[in-house]
Undergrad: 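Sharing a structure with you now.
Counting begins at 1 with the first residue of the sequence. These numbers were taken from a predicted model, which means no experiment stands behind them. Both ligands and their constituent atoms are indexed starting at 1 by order of listing.
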Amino acid sequence: MFPPQQIFQQVQRDTVLRALPRLLLLSRNFSSLMSTSYRHTMDDNGSTRPGSAGVTLAELPKSHVFTEKLPPDPNTPTPQSADSKPRPKPGLVKNAAFTWIKPEETPDYELLAVSPAAFDSIGLKRGQEKEEEFGKLVSGNKIYEEHYSWAQCYGGYQFGHWAGQLGDGRAISLFESTNPSTGVRYEWQLKGAGTTPYSRFADGKAVLRSSIREFIVSEALHALNIPTTRALSLTLLPRKKAQRETIESCAIVTRFAQSWLRVGTFDLPYSRNDRVLTRKLADYTIEEVYGGVENLVAPREEEPDGEPNRYELLYREVVRRNARTVAYWQAYGFMNGVLNTDNTSILGLSLDFGPFSFMDNFDPSFTPNHDDESLRYSYRNQPTIIWWNMVRLGESLAELFGLGTAVDSPEYLTSGLQPSQVTPLTKRAEAIIDRAGLEYKSTFITTYQTLMSRRLGFQSPLESDMENFFTTALDLMEKLGLDFNHFFRRLADLPIKDMEGEDARVMAAEHFFNANSAVNMPGLGTGRDRIEEKEKAKKEIAEWLGKWRERLADEDGGLDDERRRREMKKVNPKFLPKNWVLDELINRVQRNGERDILHKILDMSLRPFEDHWGPESEWNEEDRLCGDVPPQDVGMQCSCSS
Ligand code: AMP
Ligand code: MG
């Protein structure tokens, strides 16, 4: 057998990465590259109609296809063997996709919140959270006998370095459920449910602070239409404490996704030369995650190396999905903060939320992660980093797709790779990764272009928009320190009639500055200078507004301003759970024992495009939460500790 690593001795590992134009980093200036267009298969949002009946927890069809089809940890080959032993100590787990393990029981718990939108997606009847069984399930105090729980095994590159085996160190999957009306199957997982063989040196717990953040952001991203794992419930474990910077209360988020497989899931068997497991995982992904090879579309008209085999189709699908997701992140100013390969989804979902952030004042070099000194996971690097992760996945799958049809030949299946196959295989695999890089780029650009066009109110995107409007708007925001997401919503709020004429536009420009302009235009002088500089800045914004207004007037059928503003509001959120909002929320829940605020922020996150959420008496407070970031909180960073 030929060790798979050696295939890549002949391959420059990062050729494709280096071939990407520098400007991919900035997500701008792509107009010349916008050639290929893809069938834009948006993830189904998986929801039944809001508030539609749903079924009870007992009626919900449950399964455990993952553990049926994939190999268990040989140390505990059956649920019975797991049950009969004490909780396993951390250690290496080989030739396995998971370990059977139960959540740690915690009789004291308080269900803090559930997401109604998540209930709809799962097909669960609203109100089921009041049942004792629900509380027990989501607090780790119950598993179903016929569906024993498990923790997944995976590895990963952390901050660019191979970290070896990682795995679910504190997440435990309970079962899968299928929404009876949509047919979508989800794997339920408790995050913070106790130690597993993958806990390494850590405690298997999640603190309330980070659980609130994950609960809210999962549902917020979903509401923005950004592919993401979801959150069903947030449960406080009042007696369970964990040592982080201080001693903190623990919690469990019940999260769900169509699949929790990551790039890191493939990294690990590849690093161990475990071809059997790599192939099993790839086949499982094709059949059970993507629902069969027929769902993997090959958008290229010509295939220089002949028909792509199913593994190539899988690879390219994963690449395109991740390209689309990262385009959404860039268009909405979302940063994950820790884009290691173990946090990069095989379904292109936003995944594993730690020190994430939505952009405040536009700064492409911003990283939300306090510990990310090299800015590896900064906003501008996200498209490149996800591609870097896709190259790692390409390495793991290279043998499978590089072999073409020979991957199913009896010779290969019985005798493995022959030395004579290595050179052609390597060449083919390298070419496939190179071309996947082009698909990545064009999918990214197409999606980014579509989203930015919608955000700017253009019905029919033009190639020149990238240069004339996106880049110029981003440059203005960066130079003047304007709030990224407010910029778009404020554009949606501005009636075009208030922008007729230069003077009117200069007045309108004032609208884009935060009320406390001290946080705008960093580096400005004081006193008179400052006033003059601001006047100059307003003129620059006014000039951009003038061009934008003309561009809108040139749209097919002319400009219907009411319609334009309505459409823009549908894609430009008024509310986002910014770090300062989450910080306030955490303090109020944790220190003051407040609960209603959690439901309020969840509701605003689930309906981010509204103007108002509650009765008029709450509008002032809502506007504060949607408004300017308090000056001391602009660009707030978080640490990895969670
Ligand atoms: P993350 O930074 O959340 O992507 O986690 C990286 C790895 O560390 C994964 O294997 C996690 O399961 C593991 N991990 C993070 N925090 C804990 C914890 N408190 N206890 C056990 N494992 C953890
Ligand atoms: Mg992770």
Undergrad: Do W188 and S177 pair up side chain to side chain, a donor and an acceptor below 3.5 Å, judged on atom types alone?
TA: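 The answer is yes; a qualifying pair exists.
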
Undergrad: With a 4.5 Å heavy-atom cut-off, do Q189 and L174 have their side chains touching?
TA: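 The answer is no, as the side chains (C-beta and beyond) never meet within the 4.5 Å cut-off.
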
Undergrad: Are any side-chain N or O atoms of K62 and backbone N or O atoms of L57, one a donor and one an acceptor, separated by less than 3.5 Å?
TA: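 Here the side-chain-to-backbone pair exists.
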
Undergrad: For F256 and Y186, what are the C-alpha separation, side-chain angles and deciding distance, and is it a ring pair (Phe, Tyr, Trp, His ring centres under 6.0 Å)?
TA: CA-CA 6 Å; F256 61 101; Y186 296 104; 5.0 Å; yes

Undergrad: Heavy-atom contact check, 4.0 Å cutoff: does G204 meet ligand 1?
TA: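 Judged by the 4.0 Å heavy-atom criterion, G204 does count as contacting ligand 1.
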
Undergrad: In ligand 1, which numbered atoms sit nearer than 4.0 Å to a non-hydrogen atom of G169?
TA: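 Reading through ligand 1 atom by atom, the close ones are 12 (O), 20 (N), 21 (C), 22 (N).
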
Undergrad: If you check every N/O/S atom of D352, which is the one nearest the Mg ion (ligand 2)?
TA: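 Looking only at N, O and S atoms of D352, the one nearest the Mg ion (ligand 2) is named OD2.
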
Undergrad: Can K69 and D283 be counted as an ion pair, charged N to O under 4.0 angstrom?
TA: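 Result for this pair is no, no salt bridge flagged.
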
Undergrad: Give the atom numbers and elements of ligand 1 that come within less than 4.0 Å of a heavy atom of R244.
TA: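 In order of number, 19 (N).
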
Undergrad: Identify the residue among K240, K205, R209 that makes a salt bridge (charged side-chain N to carboxylate O under 4.0 Å, His left out) with E248.
TA: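 Testing E248 for a salt bridge (charged side-chain N to carboxylate O under 4.0 Å, His left out) against K240, K205, R209 leaves exactly one candidate, R209.
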
Undergrad: With a cut-off of 4.0 Å, which atoms of ligand 1 are near a heavy atom of G167?
TA: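 Here the atoms of ligand 1 in question are 9 (C), 10 (O), 11 (C), 12 (O).
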
Undergrad: Given Q152, E214, R170, Q165, identify the one with the heavy atom nearest to atom 23 (C) of ligand 1.
TA: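 Looking at heavy atoms only, the winner is R170.
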
Undergrad: State yes or no: are the ring centers of F175 and Y144 separated by less than 6.0 Å?
TA: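 Aromatic pair counts; centres sit under 6.0 Å.
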
Undergrad: With a cut-off of 4.0 Å, which atoms of ligand 1 are near a heavy atom of N343?
TA: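 By the 4.0 Å cutoff, the relevant atoms are 4 (O).
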
Undergrad: Does the N or O separation between Q158 and ligand 1 drop below 3.5 Å for any pair?
TA: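 No; every N/O pair is 3.5 Å or more apart.
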
Undergrad: Measure K205 to ligand 1 on non-hydrogen atoms and call it side chain, backbone, both or neither using the 4.0 Å cut-off.
TA: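 It is the backbone that touches ligand 1; the side chain stays farther off.
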
Undergrad: For D342 and ligand 1, answer yes if some heavy atom of the residue is under 4.0 Å from a ligand atom, otherwise no.
TA: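 Judged by the 4.0 Å heavy-atom criterion, D342 does count as contacting ligand 1.
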
Undergrad: State whether the shortest distance between N or O atoms of A202 and N or O atoms of ligand 1 falls below 3.5 angstrom.
TA: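 No - when backbone and side-chain N and O of A202 are compared with those of ligand 1, no distance drops under 3.5 Å.
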
Undergrad: The Mg ion (ligand 2) and N340: any N/O/S contact shorter than 2.8 Å?
TA: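 Looking at N340, which is the residue asked about, there is no N, O or S atom under 2.8 Å from the Mg ion (ligand 2).
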
Undergrad: What atoms in ligand 1 come closer than 4.0 Å to a heavy atom of D352?
TA: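 Contacts of ligand 1 toward D352, numbered from 1: 4 (O).
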
Undergrad: Could you tell me, atom by atom, which parts of ligand 1 come under 4.0 Å of a heavy atom of D203?
TA: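 Those atoms are 18 (C), 19 (N), 20 (N).
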
Undergrad: Step through it carefully: locate the ring centre of Y379, locate the ring centre of F362, and say whether they are under 6.0 Å apart.
TA: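 That pair passes the under 6.0 Å test.
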
Undergrad: Any luck finding a side-chain donor-acceptor pair between T195 and R87 under 3.5 Å?
TA: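 Indeed, the side chains of T195 and R87 share at least one donor-acceptor pair under 3.5 Å.
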
